[in-house]
Amino acid sequence: MTAWRTWRPGSIHSGSLRRTSEPVPEPAAGELLVRVLACGVCRTDLHVAEGDLPVHRPRVVPGHEVVGEVVDTAAAGPIGIGDRVGIAWLRHTCGRCRYCLRDAENLCPDSRYTGWDADGGYAEYTTVPADYAYSLPEGYPDAELAPLLCAGIIGYRALRRTQLPAGGRLGIYGFGASAHLAIQVALAQGAVVHVLTRSPAAQDLALELGASSAAGAADAPPEPLDGAILFAPAGELVPPALAALDRGGTLALAGIHLTDIPVLDYQRHLFYERQVRSVTANTRQDGREFLDIAGRHHLAVTTSEYSLEHADRALADLAADRVRGAAVLRPTTSGRTILAGA
Ligand SMILES: [Zn+2]
Ligand SMILES: [Zn+2]
């Protein structure tokens, strides 16, 4: 099969990703073998390829937004050959630590991740522990399901972390892949949404999707907010986002990276029980809840498709902000079926 491996982490323009031809992997005990139908390209893949994240598995195959068909199984359980499944970032937790035992497996110190600790979806075939594979909603083409598996689930977790009351007023700071899915969930749940982002095109998209207002990133929204999500990795937006909160409001910081947060003023930014919380990965429960919502409310997903042969170009385009919507890789063999275990 064709696969892409992170040969030598470094600039995406320096050949850090290399295309290989190799045997189809075999599922270990408890795993499924999956024929990849589509794999989303996430900014985290770029961090893996360019070495911003430490190497966990040398020469790993990136990709953690995988939509595929099960072609072989070494697992007992409900998922069988022919089922369409989703593979996301989280692929192992210990199940025994204090975090796992209190439904916070996203904080498990022994967690492992697809496309970082184990080979992911920049390939024609990949494997996944059956316990970490997701059932997928009907009504979406494969390519549109892929971005739901990272951008969508993380955006949903961030939304949950704001503890937005029913019918509440939500602010969204930064409007990329995660935000454009999170806004649709918030609106479906009855929220009033104000989007604050510097890009005029993103502001237009926000209004198209149903935002009540769209303005510049550091502008004040037209009314106080019950909750806010900061998707932009810009620490300087934390003070204006906190200042925009109503009494008791919560700001969730959705990014893995954030630039320095300026000094906060207790009275202006925190008093009246305003809170600031971070968001770290997600639990499987978050994923199941979000995919269930996506099954009941059709989410508009914009994708740009690339053939698997052009994964390096997709990542280069992402690095240069040239991708419209979410980039998704499609293996050219995705119409072909193979025999189980072949
Ligand atoms: Zn654990
Ligand atoms: Zn991701």
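Counting convention: from 1, in listed order, for ligands and their atoms alike.
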- Query: Do R57 and D119 meet the salt-bridge criterion of a basic N to acidic O distance under 4.0 Å?
  - Reply: yes

- Checked the Zn ion (ligand 1): protein N, O or S atoms closer than 2.8 Å come out as C94 SG, C97 SG, C100 SG, C108 SG

- Message: Are more than 12 heavy atoms, taken from residues, nucleotides or ligands other than R198, located less than 6.0 Å from that residue's CZ atom?
- Response: no

- CZ (R277) with more than 12 external heavy atoms under 6.0 Å: yes

- Message: Need one value: angle at the Zn ion (ligand 2), C42 atom SG versus C150 atom SG, rounded to 10 degrees.
- Response: 130°

- Would you give the length of the straight line joining atom CG of D83 to atom CD of E69, rounded to the nearest 0.5 angstrom? 9.0 Å

- Item | Smallest separation among heavy atoms of L101 and R96, with atom names | CD1-O, 3.3 Å

- Is there side-chain contact between L90 and Y113, with heavy atoms separated by less than 4.5 Å? yes

